[in-house]
Amino acid sequence: MCEHCGCSGEDAGFVLLNPETGSHYHIGDDNPDSHVHAHPHKHSHMHDSPRKISVEVDILHRNDLIAQRNRGFFEARNILALNLVSSPGSGKTTLLERTVRHFEKKPVFVIEGDQQTSLDADRIKATGVPVIQVNTRDGCHLDALMVSKAVKELNPAESSLLLIENVGNLVCPALFDLGENYRVVILSVTEGEDKPLKYPNMFRSADICLINKTDLLPYLDFDLDRFRSFCLQVNPGITFIELSAKTGEGFDRWINWLEQQVTGNR
Amino acid sequence: MHEFSIVQNIVEIAIETASQNHVKSVRSVEVEIGQASGIVADAMDFAWESLIKDTPLRQASLVIKIIPLVVKCVECGLQYSPQEIYEPCRLCGALNPEILSGKELRVTAIQT
């Protein structure tokens with residue numbers, strides 16, 4: 001097991017928690033989507049001499065296949081799915097709480113990803129919105145299989161908004177497609193302007209950047225223009241929205257953006 | 001440190017390939033890792049040792065080929081190898097070049 005962050009080692013698998021029913025499921029390596037097929041056969045082989053077998057397979061191909069399946073499911077149900085990524089403590093859950101309270105155009109469903117606890121799911125449940133908590137345990141990111149299982153349990157309604165809060169981490173979630181329509185990176189102004197250059201993969205893979213905790217700007221040296229220019233250097237196509245999930249300042253723009261996307265969705 | 005799950009995927013692909021080809025013991029697994037893929041090769045070695053225990057790969061070594069980052073400027077067409085993906089073009093200063101190589105994450109072969 002990795003001692004730095006504990007990415008899934010031999011104790012592979014994750015846990016789904018449904019705060020509505022109080023039930024939980026352990027999803028291990030014995031599920032049909034994550035095992036290696038045995039290959040029993042009777043014929044003998046003469047392969048003793050060394051040889052090279054060409055493979056040419058993408059390391060993440062299994063994740064990408066399941067992500068495409070999720071994407072197809074979302075499209076068929078006309079669900080707008082967002083993958084929210086950030087470092088820990090950027091205010092993702094507070095942002096989600098306010099979002100589900102102010103977004104009224106479509107029903108909202110939430111998947112919460114954390115290594116442990118159902119604290120975030122409990123906060124979302126208190127708003128009255130259906131939520132599933134995925135505990136990745138040793139994992140430092142959500143993957144497409146976890147989302148696929150969580151979606152089956154959550155069963156989001158046709159024409160809804162699905163908000164997926166990833167594990168707080170600016171490195172690992174960048175590589176794992178979940179099947180989302182948009183990737184939303186959240187940066188709080190307490191984190192410093194240089195994050196896009198330090199974590200280019202994450203900022204490059206995002207479609208929109210929410211700059212959170214703007215109510216703290218008067219107390220900090222954070223230079224918004226400098227941050228934006230670093231971010232554009234990594235990803236010239238990214239959209240910015242500045243807001244404070246705590247005070248609600250700038251929140252209209254975020255809600256408007258969401259409304260435009262669900263309208264555009266169909 | 002997502003290298004652990006990356007290596008786990010490599011192990012699964014290699015075991016499946018070995019099984020499909022009726023191979024009993026694997027000497028090495030060859031992978032290509034792009035310089036800008038977001039993966040740290042040193043961290044993969046550590047994960048490899050702990051993940052191949054009790055698998056048909058227990059004797060196998062992981063051979064990592066790092067693929068350098070090569071980009072092409074979308075404005076002036078210059079091909080160059082920056083250290084980081086976001087470095088501006090050395091000739092015209094344009095950003096966001098087309099990536100020709102350096103994002104690979106691929107199992108290329110197994111040696112028996």
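Sequence lines set the chain letters: A, B, ... in the order given, protein chains first and strands last, and positions in each chain run from 1.
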Beyond-backbone contact of B:Asn96 with A:Asn235, side-chain heavy atoms, under 4.5 angstrom:
no
I want to check something: taking the side chain as every heavy atom from C-beta on, are B:Ile39 and A:Leu175 in contact at a cut-off of under 4.5 Å?
yes
Side chain proximity check, B:His2 to A:Pro173, heavy atoms < 4.5 angstrom:
no
Using heavy-atom distances under 4.5 Å, tell me whether B:Glu104 contacts chain A through its side chain, its backbone, both, or neither.
neither
Rounded distance (nearest 0.5 Å) linking atom CD of B:Glu87 with atom CD of A:Gln233:
9.0 Å
Answer yes or no: are there more than 12 heavy-atom neighbours, outside A:Glu56 itself, under 6.0 Å from its atom CD?
yes
Distance col, row A:Leu60:CG vs B:Leu105:CG, nearest 0.5 angstrom, shows 5.5 Å
Hey, are the side chains of A:Pro50 and B:Gln111 touching, using non-hydrogen atoms and a 4.5 Å cut-off?
no
Nearest-0.5 Å distance, CZ of residue A:Phe230 to OH of residue B:Tyr86
9.0 Å
Find out whether A:Arg51 and B:Asn21 are in side-chain contact, i.e. whether some heavy atom of one side chain is under 4.5 Å from a heavy atom of the other.
yes
Non-neighbouring partners of A:Asp58 that pass side chain to side chain donor-acceptor pair (under 3.5 Å), sequence neighbours left out:
none
Between SG on residue A:Cys172 and CD on residue B:Glu3, distance to nearest 0.5 Å
7.0 Å
Shortest non-hydrogen separation from B:Asn9 to A:Ile59 and the atoms involved:
CB-O, 3.3 Å
Closest contact, heavy atoms only, A:Arg204 versus B:Ile85
NH1-CG2, 3.5 Å
Interface moiety of B:Ser28 toward chain A, non-hydrogen atoms closer than 4.5 Å
neither
What do you reckon, is CD of A:Gln116 surrounded by more than 12 foreign heavy atoms closer than 6.0 Å?
yes
Please rank B:Val26, B:Val29, B:Ile6, B:Thr17 by heavy-atom pairs under 4.5 Å with chain A and give me the top one.
B:Ile6
Does a side-chain heavy-atom distance below 4.5 Å link B:Lys103 with A:Asn201?
yes
Is there a side-chain contact between B:Glu84 and A:Leu197, using heavy atoms and a 4.5 Å cut-off?
no
Is it the side chain or the backbone of B:Ala14 that comes within 4.5 Å of chain A heavy atoms, both, or neither?
neither
Side chain proximity check, A:Arg62 to B:Ile13, heavy atoms < 4.5 angstrom
no
Heavy-atom contact with chain B under 4.5 Å, split by part of A:Phe176:
side chain
